[in-house]
Amino acid sequence: QVHLVESGGGLVQAGGSLRLSCTASLSDSSRLNVMGWYRQSPGPQRELVASITTGGATNYGDSVKGRFTVSRDNAKNTVFLQMTSLKPEDTAIYYCMANYRIRSDVVSEFWGQGTQVTVSS
C-alpha cells in the first residue's frame, strides 16, 4: 500500500554534507503518519536516525543530534534528511520508514530499499 523511494546517498568526505530524500507513493495521504530514517551498518541492529510526525515533531538518535535535520513536505509525501559534519561512523545504509494507518485500529510500517551513505576519512 505504500511504496517508498529514497535518493541522495553517495560518497562524501568527513566533514561534508549530504541530503537524503524519500517520497511515498500511496493511495490516501491522510493515513500517512510518522516518517523517518533508520540506518544499518554491518551487523544486525538498525538504529533510529531521525523521525518526524505530520505535525512536525521530531526525534533524533543521540549520535546525530546537532548534525542532522529531518523535515518533511506533507503535500508531496516526502521526508528529507539533511546531514552535516558527517563522520566515518555515519557510514551505513539509510532506510526510509513510514507509518501508515491501514485500518482504524492498525498501523503498519513500510520501508524503502535503502540508500548507501559512505563517509571517507
Query raised in the report: Which heavy atom of Cys96 sits nearest a heavy atom of Leu4, and at what distance?
Result: O-CD1, 3.7 Å
Query raised in the report: If you group Ile, Leu, Val, Met, Phe, Trp and Tyr by side-chain heavy-atom gaps below 4.5 Å, do Ile102 and Met35 land in one group?
Result: yes
Query raised in the report: Linking I/L/V/M/F/W/Y whenever their side-chain heavy atoms sit closer than 4.5 Å, directly or via other members, would Val34 and Tyr38 fall into one cluster?
Result: yes
Query raised in the report: Under a 4.0 Å N-O cut-off, is there an ion pair linking Asp62 with Lys65?
Result: yes
Report task. Given side chain to side chain contact (heavy atoms under 4.5 Å, CB included), test Val106 with Ser108 step by step and report yes or no. Result -> CA-CA 7 Å; Val106 178; Ser108 289; 4.2 Å; yes
Requested in this report: Please assess Ser27 against Gln1 for the test side chain to side chain contact (heavy atoms under 4.5 Å, CB included), listing each intermediate value before the final yes or no.
Outcome: CA-CA 7 Å; Ser27 58; Gln1 289 129 323; 5.6 Å; no
Query raised in the report: Atom CG of Leu32 and atom CZ of Arg72: how far apart are they, to the nearest 0.5 Å?
Result: 5.0 Å
Report task. Identify the residue among Val119, Leu86, Leu81 that makes a side-chain contact (heavy atoms from CB on, under 4.5 Å) with Leu18. Result -> Leu86
Report task. Would you kindly say whether Thr78 and Asp73 are connected by a side-chain donor-acceptor distance under 3.5 Å? Result -> no
Query raised in the report: Should the pair Arg19 and Phe80 be classed as cation-pi, given the thresholds of under 6.0 Å to the six-membered ring centre and 45° from the axis?
Result: yes
Requested in this report: Measure the spacing between CD of Gln82 and OG of Ser17 and express it to the nearest 0.5 Å.
Outcome: 6.0 Å
Report task. State whether the number of non-hydrogen atoms from other residues, nucleotides or ligands found under 6.0 Å of Gln113 atom CD is greater than 12. Result -> no
Query raised in the report: Do NZ/NE/NH1/NH2 and the carboxylate oxygens of Asp28 and Arg101 come within less than 4.0 Å?
Result: no
Report task. Check the pair Ser29, Asn77 against side-chain hydrogen bond (donor to acceptor under 3.5 Å, both in side chains), reporting the backbone distance first and the verdict last. Result -> CA-CA 7 Å; Ser29 297; Asn77 300 322; 3.1 Å; yes
Query - Point-to-point distance, once rounded to the nearest 0.5 Å, from CG of Leu11 to CD of Gln13 - result: 8.0 Å
Report task. Answer with yes or no after comparing the ring centroid distance for Phe68 and Trp37 against a 6.0 Å cut-off, counting only values under it. Result -> no
**Report entry** Any donor-acceptor N or O pair under 3.5 Å, side chains Arg31, Tyr100
**Finding:** no
**Report entry** Rounded distance (nearest 0.5 Å) linking atom CG of Asp90 with atom OG1 of Thr84
**Finding:** 9.5 Å
Query raised in the report: Under the 3.5 angstrom rule, does the side chain of Gln40 hit a backbone N or O of Ile93 as a donor-acceptor pair?
Result: no
**Report entry** Derivation and outcome, side chain to side chain contact (heavy atoms under 4.5 Å, CB included), residues Ile52 and Val79
**Finding:** CA-CA 8 Å; Ile52 183 168; Val79 62; 3.9 Å; yes
Requested in this report: Please answer: with hydrophobic residues joined when any side-chain heavy atoms are less than 4.5 Å apart, are Tyr94 and Val2 in the same cluster?
Outcome: yes
Report task. State whether Tyr95 and Arg46 meet the cation-pi test: NZ (Lys) or CZ (Arg) under 6.0 Å from the six-membered ring centroid, and within 45° of the perpendicular axis. Result -> yes
Query - Which atom of Ala50 lies closest to which atom of Tyr60, heavy atoms considered - result: CB-CD2, 3.5 Å
**Report entry** Ser63 and Arg39 side chains, donor-acceptor separation under 3.5 Å
**Finding:** yes
**Report entry** Between CE on residue Met83 and CG on residue Leu20, distance to nearest 0.5 Å
**Finding:** 4.0 Å
Query raised in the report: Has the side chain of Asn59 got a donor or acceptor atom that lies under 3.5 Å from a matching backbone atom of Ser51?
Result: no
